[in-house]
Peer 1: 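Below is a structure I'd like to ask you about.
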Amino acid sequence: MRPDTPAENVDHTAEAARLERTAGLYPEDAEALLLQAAAHLELAGDRPAATTLYDRLLSAPGGLDNPHLVRALKASNLWEYGHEAEARAIIDGIRAAAPRDPAPWVIVAESLEAHDELEAAQKTFTEGATLLLADVPEPPHAAHPLLFGRHRVRRMLGAAHDEWDLLADTLHSLPVSLDELHDPKRVWSLGSDNPAELEAEISRLRAELGAYREELSRPFPVAVLHWPADELAELIAAYPSLSEEYPSHGEHLAGIEASLTELSASGTANLGIVTGTVPSYEAFAASEGTSPADTDLLPQYATTLAARGRAVSWPPERGAACWCGSGAQYQACHGAA
């Protein structure tokens, strides 16, 4: 989520302004775009302006997809420029709310860790892991930072490995082990005159950099476009020629599952689904100078939504709700076949 480009290579203030303008053009993506803008402002050193953007999001009349994430980012930002009491109050509120998304847990725990509140950071990482992973057969990728962060903090505290730490070791795939990466004595090796110690530290740093690059380079999914029933009805009413593309909503949903299953069987990885809305689609068509009735525009629209971070991964994790919005578990709905 946070840009990883050094400030000397990017005008972060200008990039934040561009993202704010883009959010005005695509209100359905405003949450994601303004979060990116706030991150650029933090990197530019304008933390009060970043807080203003977080407050703008939290006061939005339509609500947010992930308000706990926004609050966590606001707390982390506030603490960095001296508003510790307010940051702690927000962190306590997030922990009490027990969000079902790993990201807020990771952000507030890392904020505590960054300010040497190691015991509180360990408790926060543990609360998040217990809530989100206790009954999960395999931790989702988004939850890995919870386990890795918990392992790191416990290593600094000198705690013995427990089941969560062993699971983190299992999930870690880099050549340098987590115990090495999280060794609290590493800081002393940076001041060593021993070439072997320095070479070992360089190897560990390269491994960490490789992990960060791997995360940052994860491409957006190959996404298939999904229209909810009311949006599809509105789309066909406005552009009747698209009825050839979408004979019925049921066939549309079945076609999505069939297309993704076929792509998966052919070896295509990182698949996803993006959900369209008519106003967003019409705005996209206008920006492309094309009629919304043009069927060639549909896959371009899907790709654009995926590039903006609007895709949800397919297939859903075991026990998760189906992507179609029915409320049923995926395995009992479109994943039944």
Peer 1: Whether the side chain of Ser76 engages the backbone of Ala72 through a donor-acceptor N/O pair (distance < 3.5 Å, no angle test) should be reported.
Peer 2: no
Peer 1: Within the structure provided, determine whether Leu69 and Leu73 are in side-chain contact (heavy-atom separation under 4.5 Å).
Peer 2: yes
Peer 1: To the nearest 0.5 Å, what is the distance between CD1 on Ile90 and NE2 on His68?
Peer 2: 13.0 Å
Peer 1: Using the benzene-type ring in the case of Trp, are the ring centres of Trp164 and Phe125 under 6.0 Å apart?
Peer 2: no
Peer 1: Going by heavy atoms in the side chains, are Leu132 and Trp105 under 4.5 Å from each other?
Peer 2: yes
Peer 1: A side-chain contact here means heavy atoms from C-beta on lying under 4.5 Å apart; do Thr275 and Trp227 qualify?
Peer 2: no
Peer 1: Any chance you could measure Gln36, atom CD, to Glu15, atom CD, to the nearest 0.5 Å?
Peer 2: 8.0 Å
Peer 1: Within this structure, what is the CG-CG distance for the pair Leu19 and Asp29, rounded to the nearest 0.5 Å?
Peer 2: 11.5 Å
Peer 1: Counting distance only, does the side-chain N/O of Tyr281 pair as donor-acceptor with the main-chain N or O of Tyr301 below 3.5 Å?
Peer 2: no
Peer 1: Taking the basic N atoms (NZ, or NE/NH1/NH2) and the acidic carboxylate oxygens, is any pair closer than 4.0 Å for Arg150 and Asp162?
Peer 2: yes
Peer 1: Report, one line per pair, each donor and acceptor closer than 3.5 Å where one atom sits in a side chain of residues 107-119; sequence neighbours left out.
Peer 2:
| from | atom 1 | to | atom 2 | distance (Å) |
| --- | --- | --- | --- | --- |
| Glu113 | OE1 | Arg152 | NE | 3.4 |
| Glu113 | OE1 | Arg152 | NH2 | 2.8 |
| Glu113 | OE2 | Arg152 | NE | 2.7 |
| His115 | ND1 | Ser111 | O | 2.9 |
| Glu117 | OE2 | Arg88 | NH2 | 2.5 |
| Glu119 | OE1 | Gln122 | NE2 | 3.4 |

Peer 1: Can you see which heavy atom on Leu58 is nearest to which on Pro67, and at what distance?
Peer 2: CD2-O, 4.0 Å
Peer 1: Are any non-hydrogen side-chain atoms of Glu257 and Trp323 less than 4.5 angstrom apart?
Peer 2: yes
Peer 1: With a 4.5 Å cut-off on side-chain heavy-atom distances among I, L, V, M, F, W and Y, is there a chain of contacts connecting Leu33 to Leu25?
Peer 2: no
Peer 1: Measure the spacing between OH of Tyr81 and NE2 of His83 and express it to the nearest 0.5 Å.
Peer 2: 4.0 Å
Peer 1: Would you call Leu53 and Glu20 a side-chain contact if the rule is heavy atoms closer than 4.5 Å?
Peer 2: yes
Peer 1: Tell me whether Val153 shares a hydrophobic cluster with Phe148, the cluster being built from Ile, Leu, Val, Met, Phe, Trp, Tyr side chains joined at under 4.5 Å.
Peer 2: yes
Peer 1: So, using salt bridge (charged side-chain N to carboxylate O under 4.0 Å, His left out) as the criterion, who are the partners of Asp55 when residues are at least two apart?
Peer 2: Lys74
Peer 1: Applying side chain to side chain donor-acceptor pair (under 3.5 Å), name anything that partners Thr170, two or more places apart in sequence or on another chain.
Peer 2: none
Peer 1: Let's go through Leu133 and Leu147 carefully: what are the C-alpha distance in whole Å and the side-chain angles of both, what is the deciding distance for side chain to side chain contact (heavy atoms under 4.5 Å, CB included) to 0.1 Å, and is it a yes or a no?
Peer 2: CA-CA 10 Å; Leu133 304 177; Leu147 294 172; 3.9 Å; yes
Peer 1: Same cluster for Tyr246 and Ile273 if Ile/Leu/Val/Met/Phe/Trp/Tyr side chains link at under 4.5 Å?
Peer 2: no
Peer 1: Measure the CG-OG distance between Leu64 and Ser59 for me, rounded to the nearest 0.5 Å.
Peer 2: 9.0 Å
Peer 1: Considering residues at least two apart in sequence or located in another chain, which fulfil the side chain to side chain donor-acceptor pair (under 3.5 Å) criterion with Glu80?
Peer 2: none
Peer 1: Please identify each residue that fulfils salt bridge (charged side-chain N to carboxylate O under 4.0 Å, His left out) with Glu127, with sequence neighbours left out.
Peer 2: Arg95
Peer 1: Between Leu253 and Cys324, which heavy-atom pair has the shortest distance, and what is it?
Peer 2: CD1-CB, 4.2 Å
Peer 1: Got a second to check how far Thr51's OG1 is from Asp46's CG, nearest 0.5 Å?
Peer 2: 9.5 Å
Peer 1: Only one of His172, His161, His144 forms a ring pair (Phe, Tyr, Trp, His ring centres under 6.0 Å) with His151, so which one is it?
Peer 2: His161
Peer 1: Quick check: does any side chain N or O of Arg47 sit under 3.5 Å from a backbone N or O of Leu78, one acting as donor and the other as acceptor?
Peer 2: no
Peer 1: If you look only at distance, which donor and acceptor atoms sit under 3.5 Å apart when one is on a side chain in residues 229-245 and the other is two or more places apart or in another chain?
Peer 2:
| from | atom 1 | to | atom 2 | distance (Å) |
| --- | --- | --- | --- | --- |
| Glu231 | OE1 | Val278 | N | 2.9 |
| Tyr239 | OH | Glu282 | OE2 | 2.7 |
| Ser243 | OG | Pro240 | O | 2.8 |

Peer 1: Looking only at heavy atoms, which two atoms of Pro316 and Gln331 are closest? And how far apart?
Peer 2: O-NE2, 4.5 Å
Peer 1: Would you say that Asn77 contacts Leu41 through its side chain, given a criterion of any heavy-atom pair below 4.5 Å between the two side chains?
Peer 2: no
Peer 1: Ignoring hydrogens and angles, tell me if any N or O in the side chain of Arg71 forms a donor-acceptor pair with the backbone of Gly93 under 3.5 Å.
Peer 2: no
Peer 1: Could you tell me whether the side chain of Gln300 reaches within less than 4.5 Å of the side chain of Leu297, counting heavy atoms only?
Peer 2: yes
Peer 1: Would you say Glu31's side chain and Asp65's backbone share a donor-acceptor pair under 3.5 angstrom?
Peer 2: yes
Peer 1: Shortest non-hydrogen contact from Ala75 to Ile91?
Peer 2: CB-CG1, 4.0 Å
Peer 1: Where is the tightest heavy-atom contact between Ala302 and Ala223, given as atom of each residue plus distance?
Peer 2: CB-O, 4.0 Å
Peer 1: Closest heavy-atom contact between Leu131 and Ala98?
Peer 2: CD2-O, 3.5 Å
Peer 1: Going only through I, L, V, M, F, W and Y residues with side-chain contacts under 4.5 Å, is there a path from Leu305 to Val222?
Peer 2: no
Peer 1: With hydrophobic residues grouped by side-chain heavy-atom distances under 4.5 Å, do Ile256 and Leu271 end up in a single group?
Peer 2: yes
Peer 1: Tell me whether the rings of His249 and His252 are parallel (<30°), tilted (30 to 60°) or perpendicular (>60°).
Peer 2: tilted
